[in-house]
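Right, one structure below, let's go through it.
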Amino acid sequence: MGTWWDFVVNRREQLAVDSYLHLSAVVQSLIAATLVAVLAGILVYRSPIGSAVATALAGAILTVPSFALLGLLIPILGLGVGPTVVALVLYALLPIVRNTILGLASVEPAVVDAARGVGMNRLRVLTRIEMPLAWPSILAGIRVSAQMIMGICALAAYAKGPGLGNLIFSGLSRLGTPNAVPQALTGTVLVVVLALLLDAALQLLGRLTTPRGIR
């Protein structure tokens with residue numbers, strides 16, 4: 001334990017930078033994935049076939065191993081941030097797409113009919129009625145994606161991506177040396193801590209943005 005603590009104290013500045021880069025890559029990818037997935041969900045939720053196709057396509061991405069996907073992206077986007085962000089966005093799509101479709105499809109038709117009865121057009125019904133009612137479901141999908149890609153981001157070290165994965169991979173590659181285990185352990189613990197902090201932030205976002213009547 002003493003060796004691990006000494007490692008953390010001696011590398012605290014670099015650990016802070018790596019943690020920031022890791023969290024930044026995850027949050028930016030999550031925002032991009034949310035925009036794409038919610039838009040896709042809005043376009044297809046009224047069509048059973050469209051919903052099935054969108055869900056199947058997003059699900060198919062998850063069947064591709066992380067290393068394989070990064071390996072396919074490297075020749076196109078090079079090393080570093082590019083393949084990392086694209087991979088994270090792709091892996092984050094399924095839970096958000098699925099929950100967007102589920103949330104929008106679960107809105108009571110009577111509520112929609114009542115809104116149209118008072119003169120709301122389709123866009124206003126979507127933005128004022130359907131999206132607020134579907135938001136808790138969408139946010140649940142965002143939270144699942146956030147936890148999932150937080151761990152996947154560590155694998156981006158394979159593509160020289162930013163974050164704590166470099167720390168973990170470096171430690172594992174040097175097993176047997178004094179700092180190897182503390183290095184890998186520190187990177188792993190920090191990924192878990194960041195995941196918990198991000199989930200807490202998303203829970204707070206949910207409390208602030210969900211109407212009281214549907215919490």
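Residue numbers count from 1 along this sequence. Hydrogens, waters and symmetry mates play no part in the numbers below; they use all other heavy atoms, side chains included. Keep in mind it's a predicted model, so treat the numbers as computed, not measured.
In terms of modelled atom types and a separation under 3.5 Å, the side chain of His22 and the main chain of Val17 share no donor-acceptor contact. Using a distance-only test at 3.5 Å, with no hydrogens or angles considered, no donor-acceptor pair links the side chain of Gln183 to the main chain of Ser170. Side chain of Thr63 to backbone of Ala60: a donor-acceptor contact under 3.5 angstrom is found. Between the side chain of Ser51 and the backbone N or O of Val44, at least one donor-acceptor pair lies under 3.5 Å.
The structure places CG of Asp18 at 10.0 Å from CD1 of Ile168, a figure rounded to the nearest 0.5 Å. How far CZ of Arg128 is from CG of Leu133: 12.0 Å, rounded to the nearest 0.5 Å. Interatomic distance, Ile74 CD1 to Tyr158 OH, rounded to the nearest 0.5 Å: 5.5 Å. To the nearest 0.5 Å, atoms OG (Ser66) and CD1 (Ile149) are separated by 11.5 Å. Of the inter-residue distances, the one linking Leu194 atom CG with Leu23 atom CG reads 5.5 Å to the nearest 0.5 angstrom. Put simply, CG on Leu94 and CE on Met148 are 7.0 Å apart, with the number rounded to the nearest 0.5 Å.
The closest side-chain heavy-atom distance from Val125 to Asn121 is not below 4.5 Å. No side-chain heavy atom of Glu130 sits less than 4.5 Å from a side-chain heavy atom of Val111.
Sparse packing is recorded around CZ of Arg122, with 12 or fewer heavy atoms of other residues, nucleotides or ligands lying under 6.0 Å away.
Heavy-atom minimum distance, Leu139 versus Gly206: CD2-CA, 3.2 Å. In terms of heavy atoms, Leu205 sits closest to Trp135 at CD2-CZ2, 4.4 Å.
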Which pairs would a plain distance check flag for residues 96-105, meaning a side-chain donor or acceptor within less than 3.5 Å of a matching protein atom at least two apart in sequence or in another chain?
| residue | atom | partner | partner atom | Å |
| --- | --- | --- | --- | --- |
| Asn99 | ND2 | Ser137 | O | 2.8 |
| Thr100 | OG1 | Ile96 | O | 2.7 |

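Annotation: side chain to side chain contact (heavy atoms under 4.5 Å, CB included) contacts of Asn166 (sequence neighbours excluded): Ala157.
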